[in-house]
Amino acid sequence: MSKEITARSEDYSKWYNDLVLKGGLADYSAVRGCMVIKPYGFALWEAMRDVLDRKFKETGHQNAYFPLFIPKSFLSKEADHIEGFAKECAVVTHYRLKNDPNGGGVVVDPEAKLEEELIVRPTSETIIWNTYKDWIQSYRDLPLLINQWANVVRWEMRTRLFLRTAEFLWQEGHTAHATADEAIAETRQMLEVYADFAENYMAVPVVKGVKSPSERFAGAVDTYCIEALMQDGKALQAGTSHFLGQNFAKAFDVQFSNKENKLDYVWATSWGVSTRLIGGLIMVHSDDQGLVLPPKIAPIQVVIVPIYKGADQKAGLDEKVMEIVKTLRSAGISVKYDDNDNNRPGWKFAEYEMKGVPVRIAVGARDLENQVVEVARRDTKEKMTLPLEGLAGNIQNLLDQIQQNLYDKAKQYRDSHITRVDTWEEFEKVLDEKGGFVSAHWDGTAETEEQIKDRTKATIRCIPLNNPQEEGKCILTGKPSKERVLFARAY
RNA sequence: CGGGGCGUAGCGUAGCCCGGUAUCGCGCCACAUUUGGGAUGUGGAGGCCGCAGGUUCGAAUCCUGCCGCCCCGACCA
């Protein structure tokens, strides 16, 4: 009715925006490229954050917080790093405003110019490594395992809600190790944490892999990533974990004494996921009726809608429903009882479907007489009648089934959209007509990668981990290749 | 930064060519009837028509300048 959603087939971008805006996740803000994350969207982020934060702590990390501002000079210490971020940095040049002498509000006070300009962090490697220099003297100080939850700013030319905003929320882990092997193990461990989170909580299947040199994080030796596939056939980088080698240690002179009392530079990693995950989550599961959220991170797992005639009947219903709510909550299920009298049941049904609540329970007088409730699942739209007896257990099973079903569906789509291709014609055809990942041979050069990108807009998403070795010929140049890599058009 | 679109009530819009203080729907407020898939009726409130100039007796409408947002591309998580 009032909240029509554009069909995916009609306009995929519009569909996505409709879900975010009408699903109550976020709004555009007064600042270009920046969004307001609304309570429901933020609850989703909190749910993700809680799971990840627990996993980080289980793997030995501690949270800390570093400044939003970074002295300009820090950023230029690592050559590749500044190269990668220079074009999208917001810069603070003054620290004071004053009344406009010509009237009309306030102006920047030219007297208040900063001696050294400050960069609003696009990422925190530099400020953190400048700090680690003071924290690390000996191998006994290692490993140093720190994470921070923060906002960062990257002045993007073109932004999209959640997927690419000028300011976004994320976590960034920054660790220091005594050996390269240990740092690499950390990098890969965190990649596994991300993959586990994506698959088992967000129900988003991912490909784990390594980036090609040109797609690497600025300043990294190796960038590992998890890549997900959206319903429109485009890939989304959902998380990255970098082995930084000794690049930042050297740039910031972070040395430690090893057991032999010799000085050496420490080995570093960094890894992060952002609110972009929310965008990916939306695009993997949702449909033309609205959001579809996996139970394990849905802010509301079960909504209960009462159906009644008159206040008397409702009072009776309230009493019984509160019992149900209590039972479900004690089983660890998050429940909302929507007894708001301003909206009628049909309106609520549509509303919670749009918001992607996994399970809806409708209860009326008739049901109570029969000791049952009507249960509807969001993923399949299936409705069933369940007895009050043993309801919590049945709902828990249903939530598990929904979680599994979402994953299975997404995985089936993903798997059927990894296409092996051996000729250039096929390569272009699959990208244009089918989409998804294309598994093809590549001669390993940046030039070829670049040419392929220019001609097809597809990039190498990753070289999958444990990639089978196989003789073949580069899709573009015909030069010899030892393995296939995954190409796709990406967000 | 290029191409396209758009700024009128909280939201979505009509009116603009052809100048006369603004239409409709949703939402909001009140009351009543309603409540198993987005209720109905009656009454009501709400507008610097993006901003600034100009033309005119008179501008949402014509002219000039500016600002903002969205979409598509180049760049990026």
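- Of the candidates A/Arg378, A/Lys381, A/Arg360, A/Glu353 forms a side chain to side chain donor-acceptor pair (under 3.5 Å) with just one, namely A/Arg360.
- A/Leu163 comes within 4.0 angstrom of a base, heavy atoms only.
- For A/Arg276, whose side chain is taken as the heavy atoms from C-beta onward, the closest listed nucleotide among B/G36, B/A77, B/G38 is B/A77.
- Heavy-atom contacts from other residues, nucleotides or ligands closer than 6.0 Å to NZ of A/Lys77 number more than 12.
- Between A/Phe85 and A/Phe217, the ring center distance clears the sub-6.0 Å criterion.
- Look at B/C76: it lacks any Watson-Crick or wobble partner with both distances under 3.5 angstrom.
- With rounding to whole Å, A/Ile307 atom CD1 is found 18 Å from B/U34 atom P.
- Using the Watson-Crick or G-U wobble rule with both distances under 3.5 Å, B/A39 pairs with B/U33.
- Atom CG in A/Asn342 sits about 18 Å away from atom P in B/U34, given to the nearest Å.
- A gap of 28 Å separates the P atoms of B/G15 and B/G53, to the nearest Å.
- A/Trp15 contributes no side-chain N or O that, together with a main-chain N or O of A/Asp18, makes up a donor-acceptor pair within less than 3.5 Å.
- Nucleic acid contact for A/Arg160: none, since no nucleic acid atom lies under 4.0 Å from a heavy atom of the residue.
- Comparing B/U64 with B/C26, their P atoms sit 39 Å apart, to the nearest whole Å.
- Under the Watson-Crick or G-U wobble criterion, with both distances below 3.5 Å, B/G46 has no partner in any strand shown.
- Spacing between atom CG of A/Leu317 and atom P of B/G36 amounts to 13 Å, rounded to whole angstrom units.
- Nucleotides B/G5 and B/C51 place their P atoms 22 Å apart, quoted to the nearest Å.
- For B/U21, the glycosidic angle deviates from 0 by 90° or less, giving a syn base.
- One C1' atom belongs to B/C69, the other to B/G50, and the distance between them is 10 Å to the nearest Å.
- Taking atom P in both B/C48 and B/A60, the straight-line distance is 13 Å, to the nearest Å.
- Taking atom CZ of residue A/Arg164 and atom P of nucleotide B/A74, one finds them 11 Å apart after rounding to whole Å.
- Comparing B/A39 with B/C16, their P atoms are spaced 35 Å from each other, to the whole Å.
- The residue A/Ser13 sits close only to the backbone: its heavy atoms come under 4.0 Å of sugar-phosphate atoms, none of a base.
- Following rounding to the nearest Å, A/Ile361 (CD1) and B/G37 (C1') show an atom-to-atom distance of 17 Å.
- The C1' atoms of B/C76 and B/C11 are separated by 33 Å, rounded to the nearest whole Å.
- Using the Watson-Crick or G-U wobble rule with both distances under 3.5 Å, B/G68 pairs with B/C6.
- Between A/Arg344 and B/G38 there is no side-chain polar atom (N or O) within less than 4.0 angstrom of OP1 or OP2.
- The side chain of A/Asn17 lies closest to B/C70 when the candidates are B/A74, B/G36, B/C70.
- Counting any heavy atom pair closer than 4.0 Å across all strands shown, A/Gly84 reaches no nucleic acid atom.
- Ring-centre distance between A/His61 and A/Trp271: below the 6.0 Å cut-off.
- Within 4.0 Å (heavy atoms only), A/Phe168 reaches at least one base atom of the nucleic acid.
- Listed nucleotides B/G38, B/A74, B/G37 differ in distance to A/Arg360; the shortest reach to its side chain belongs to B/G37.
- Distance A/Met35 CE to B/C70 P: 12 Å, rounded to the nearest Å.
- Scanning atom types as modelled, no donor and acceptor separated by under 3.5 angstrom connect the side chain of A/Asn343 and the base of B/G38.
- Between A/Tyr132 and A/Phe248, the distance from one ring center to the other does not fall under 6.0 angstrom.
- Two residues, A/Ser29 and A/Arg154, neighbour RNA chain B, and the one matched to the more 5' nucleotide by heavy-atom proximity is A/Ser29.
- The partner of B/U56 cannot be assigned: no Watson-Crick or G-U wobble pair with both contacts below 3.5 Å exists in any strand.
- For the pair A/Phe349 CZ and B/U35 P, the computed distance is 14 Å after rounding to whole Å.
- At the heavy-atom level, A/Glu156 lies under 4.0 Å from base atoms of the strands shown.
- Residue A/Arg32 is classed as a sugar-phosphate contact, given heavy-atom separations below 4.0 Å to backbone atoms only.
- Spacing of P atoms, B/C67 relative to B/U13, comes out at 25 Å, to the nearest Å.
- Aromatic ring orientation, A/Tyr201 versus A/Phe197: parallel (interplanar angle below 30°, classes split at 30° and 60°).
- In this structure, A/Lys211 places its NZ atom 12 Å from P of B/C76, rounding to the nearest Å.
- With a 3.5 Å ceiling on both atom-pair distances, B/C18 lacks any Watson-Crick or G-U wobble partner.
- Among the atoms of the strands shown, base atoms are found under 4.0 Å from some heavy atom of A/Glu353.
- Within the nucleic acid shown, A/Thr165 comes within 4.0 Å of at least one base atom, counting heavy atoms only.
- Side-chain atoms of A/Lys383 and base atoms of B/G37 include a donor and an acceptor less than 3.5 Å apart.
- In A/Asp312, the CG atom is not crowded: 12 or fewer heavy atoms of neighbouring residues, nucleotides or ligands sit closer than 6.0 Å.
- Nearest-nucleotide positions on RNA chain B for A/Ala362 and A/Ser274 put A/Ala362 closer to the 5' end.
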